[in-house]
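Labels below follow one simple rule: chain letters A, B, ... track the order of the sequence lines, proteins then strands, and each chain is numbered from 1.
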Number of protein chains: 2
Amino acid sequence: MTKPRSRRGGGRPTIADVARKAGVGAITVSRALREPGRVSEDLRRQIQAAVDELGYIPDPNARALASARAEVFGVLVPSLTNNVFAEVVRGIYDSLSDSPFRIQMGNTHYSGLEEERLLQLFASQRPAALIVAGIDQTPLSRKLLETAGCPVVQVMETGPDPVDMLVGFSHFDGGRTATEHLIEKGYRRIGFIGARMDPRSQRRLAGYRAAMQAAGLYDPRLVTTTPLLSSVTLGRELLRDALAKMPTLDGVFCNNDDIALGVLFECHRAAIAVPKTIGIVGFNDLDMMQSAFPSVTSIRTHRYEIGRRAVAMALAAIAGQRPQQRIVDLGFELRRRESTTR
Amino acid sequence: MTKPRSRRGGGRPTIADVARKAGVGAITVSRALREPGRVSEDLRRQIQAAVDELGYIPDPNARALASARAEVFGVLVPSLTNNVFAEVVRGIYDSLSDSPFRIQMGNTHYSGLEEERLLQLFASQRPAALIVAGIDQTPLSRKLLETAGCPVVQVMETGPDPVDMLVGFSHFDGGRTATEHLIEKGYRRIGFIGARMDPRSQRRLAGYRAAMQAAGLYDPRLVTTTPLLSSVTLGRELLRDALAKMPTLDGVFCNNDDIALGVLFECHRAAIAVPKTIGIVGFNDLDMMQSAFPSVTSIRTHRYEIGRRAVAMALAAIAGQRPQQRIVDLGFELRRRESTTR
DNA sequence: GGGAAAATTGGTAGCGCTACCATAGATGGG
DNA sequence: CCCATCTATGGTAGCGCTACCAATTTTCCC
């Protein structure tokens with residue numbers, strides 16, 4: 001009976017303080033904040049005044065504990081520095097910045113095992129939604145997603161059988177379109193150069209292969225890959241490797257723009273004329289591709305928009321309106337530039 | 001007396017389940033998990049077995065509520081896509097991946113107001129530590145940091161008066177070193193080109209100015225800036241602007257590597273010889289600078305290491321060992337390359 | 001070997017919030 | 001005008017965990 005008041009909480013106002021000041025019950029304050037429509041105009045105003053005066057901020061932990069549901073979006077990406085995912089993440093952050101939802105991000109480092117570990121961790125927090133990159137989850141990961149009990153959005157790809165919702169585009173089609181463009185421009189000995197052959201890269205390679213085979217141009221020696229992480233420097237090395245294997249190479253489809261830039265630089269350094277001697281196509285269309293000299297043809301993808309759309313779909317699902325379209329294909333565009341203009 | 005068991009929590013095991021299975025008190029389980037040293041070997045083993053068998057994962061929300069302290073690092077950066085901050089963030093994530101700490105990231109979009117808003121939000125969650133970019137907080141932000149009641153690490157800069165701890169390097173010295181290098185190489189009409197003139201960019205500019213003035217070379221018309229966000233494309237435009245103002249320009253110190261790359265491409269396009277006619281120095285030394293043609297001189301900064309060090313210092317502080325060195329200067333290195341070799 | 005100190009374990013009482021149910025007043029149809 | 005239905009508000013009882021303190025056992029010192 002001695003200590004009347006919070007010994008632990010550092011004196012921050014609680015919902016009870018607001019309720020007392022506004023002359024209402026605590027539960028009414030809670031409602032006024034979460035479902036304003038269910039509280040009369042009068043009380044709502046009174047409560048808002050008390051909130052403002054006290055500087056009350058609800059404790060998300062207490063809220064999560066009591067409601068068995070955290071206002072958190074779990075986001076899982078394979079890399080934080082890869083510009084492509086950084087843009088998706090930026091879209092997610094921007095879309096969520098004015099909502100009560102926080103973001104819990106995880107970096108899987110392209111590892112299925114790490115993805116399982118993080119998913120387990122995330123699911124244990126009962127997130128409001130999960131956004132994960134790719135559709136190639138391990139069986140355990142997929143089960144974790146299915147039983148997470150919240151909307152799930154897979155991003156960056158398209159496909160027939162998402163766990164729940166899916167936003168992205170076809171890497172296969174992207175790879176094929178890029179390759180067909182080179183063929184159309186008259187290139188014949190067209191190589192594929194790729195680092196870090198994750199599932200999306202594999203699909204781009206498959207698209208390349210399909211286009212080459214359809215044109216009767218495919219030769220496995222035209223493909224040069226490595227498990228190393230993409231970088232501009234690696235692009236240079238891979239072009240050297242490719243040329244060593246196949247000196248008559250007259251075009252390259254690069255798995256991404258970093259590689260493409262490295263290839264371009266290596267061409268400069270080796271005095272190989274672009275687009276005359278070798279044509280170059282990149283993937284993702286980072287800003288620098290339009291400014292490079294010569295400017296580089298690339299497949300434009302809509303990373304930021306994918307992040308935004310994923311959040312929008314998750315938010316709708318949380319609000320109970322499951323979208324009529326569970327699978328959204330945002331497509332891509334071929335940006336024709338100097339590196340393939342001859 | 002009817003409903004005996006959790007109606008809300010979806011049946012996940014709780015600490016009480018573990019305690020029952022291990023035949024001990026709940027509090028002992030709690031201790032075994034958090035302070036294993038205070039529980040006897042025997043019980044610890046028993047409890048671990050029960051935890052494993054049940055697949056128990058502690059609820060971070062309940063933990064945070066009960067202990068009035070969340071196992072969360074708040075991280076505030078001005079941009080998610082800027083490669084520089086992405087690397088710092090990667091260092092933070094990597095350093096924290098095996099700890100119980102989660103990360104709550106915020107994107108301030110280079111806005112002091114947004115920083116205040118996020119800090120307010122973060123502080124209300126009683127984080128275990130806060131990591132913020134820069135030392136130029138608004139007075140309110142600074143007060144929020146000071147009263148957050150947790151270790152605070154400011155990163156990316158150095159300076160005399162951190163809120164708590166500080167890891168970074170001197171942008172002023174970096175700018176001066178870059179400029180002195182150009183002077184030393186015989187360049188005289190050296191321009192400064194910069195976008196998004198945040199406080200760090202301003203300090204690099206100040207370093208540039210100091211070097212130019214010391215050499216008697218400073219002319220305000222040599223400085224070209226814009227409030228727009230950095231990009232390769234913008235680098236091209238800014239070089240054009242700079243040349244229009246000052247056609248005799250023979251060198252440029254670029255505020256960052258994106259700009260430097262744009263400048264390089266514009267030189268190619270305009271058939272300006274690099275390094276002969278114009279020398280170029282960038283800032284940050286992204287991977288692509290060493291691979292560019294010609295390769296580009298840049299100031300190498302240790303972004304990833306800054307992230308790691310910030311976490312290490314915060315972790316030490318949380319453990320009660322305040323580091324003897326509150327201010328850590330990780331320095332930078334000038335990487336001399338072809339773009340200034342003549 | 002006795003008593004103090006240290007180590008080990010447990011019980012109780014919340015942390016701040018919301019789900020659930022109850023209650024009182026408002027509305028409305030016959 | 002009465003009773004059923006709906007609306008607005010409140011009380012109670014936890015959510016799962018840990019701080020605090022008490023109780024017990026072990027260790028240690030002279």
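- Under the 4.0 Å criterion applied to side-chain N and carboxylate O atoms, B:Arg308 and B:Glu305 are not assigned as salt-bridge partners.
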Task: Chi angles and distances behind the salt bridge (charged side-chain N to carboxylate O under 4.0 Å, His left out) call for B:Arg63, B:Glu71 - done: CA-CA 9 Å; B:Arg63 188 172 263 187; B:Glu71 288 182 321; 3.4 Å; yes
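- Over its length, the helix from C:dG1-D:dC30 to C:dG30-D:dC1 turns its helix axis by 20°, as judged from the five terminal pairs at each end, rounded to 10°.
- Residue B:Leu65 places its side chain closer to C:dC15 than to any other of D:dT9, C:dC15, C:dT9.
- Dashed line: the shortest gap from a side-chain N or O of B:Ser40 to OP1 or OP2 of C:dT9 is under 4.0 Å.
- Residues A:Gln46 and A:Asp42 bring no donor and acceptor atom of their side chains to less than 3.5 Å of each other.
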Might you list the N or O atoms of the protein lying below 3.5 Å from N or O atoms in nucleotides 25-28 of chain C, with each pair's distance?
none

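- Across the protein-nucleic acid pair, B:Asp42 atom CG and C:dA7 atom P stand 18 Å apart, rounded to whole Å.
- For the pair A:Glu157 and A:Arg200, the salt-bridge criterion is met [side-chain N within less than 4.0 Å of a carboxylate O].
- The separation between B:Asp59 atom CG and C:dC17 atom C1' is 13 Å, rounded to whole Å.
- Contacts of residues 22-32 of chain B with DNA chain D (heavy atom under 4.0 Å): B:Ile27, B:Ser30.
- Between A:Arg34 and C:dT18, a side-chain N or O to OP1/OP2 separation shorter than 4.0 Å is present.
- Remark: B:Asp161 does not engage B:Arg326 in a salt bridge, criterion side-chain N to carboxylate O under 4.0 Å.
- Computed from coordinates, the A:Arg38 CZ to C:dT18 P distance equals 14 Å when rounded to whole Å.
- Considering only heavy atoms from C-beta on, A:Glu116 stays 4.5 Å or farther from A:Gln137 through its side chain.
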- [ ] Kindly indicate, with the supporting measurements, whether the criterion salt bridge (charged side-chain N to carboxylate O under 4.0 Å, His left out) is fulfilled by B:Glu146 and B:Lys143.
- [x] CA-CA 5 Å; B:Glu146 279 162 357; B:Lys143 183 143 84 184; over 6 Å; no
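- Under a 4.0 Å N-O distance rule, the pair B:Glu53/B:Lys21 qualifies as a salt bridge.
- For A:Pro58, counting side-chain heavy atoms from C-beta on, the closest listed nucleotide (C:dC17, D:dG16, C:dA19) is C:dC17.
- For the pair A:Gln125 CD and D:dG16 P, the interatomic distance rounds to 15 Å; values are reported in whole Å.
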- [ ] Could you give me the CA-CA distance, side-chain angles and deciding distance for A:Gln104 and A:Phe73, then say whether side chain to side chain contact (heavy atoms under 4.5 Å, CB included) is met?
- [x] CA-CA 6 Å; A:Gln104 170 93 41; A:Phe73 271 50; over 6 Å; no
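- Looking at A:Ser30 and A:Arg34, their side chains do bring a donor and an acceptor atom within 3.5 Å of each other.
- Atom P of nucleotide D:dC17 and atom OH of B:Tyr56 are separated by 3 Å, given to the nearest angstrom.
- Straight-line distance from the CD atom of A:Glu35 to the P atom of D:dT9: 13 Å, rounded to whole Å.
- No side-chain heavy atom of A:Val88 sits less than 4.5 Å from a side-chain heavy atom of A:Val77.
- Listed candidates were C:dG16, D:dG16, C:dA19. Nearest to the side chain of A:Thr14 is C:dG16.
- Checked for salt-bridge contact, A:Arg142 and A:Asp136 miss the test: no charged N lies under 4.0 Å from a carboxylate O.
- B:Gln46 places its CD atom 14 Å from the C1' atom of C:dT8, with the value rounded to the nearest Å.
- For the pair A:Arg69 CZ and C:dC20 P, the interatomic distance rounds to 14 Å; values are reported in whole Å.
- OP1 or OP2 of D:dT18 has at least one side-chain nitrogen or oxygen of B:Arg63 nearer than 4.0 Å.
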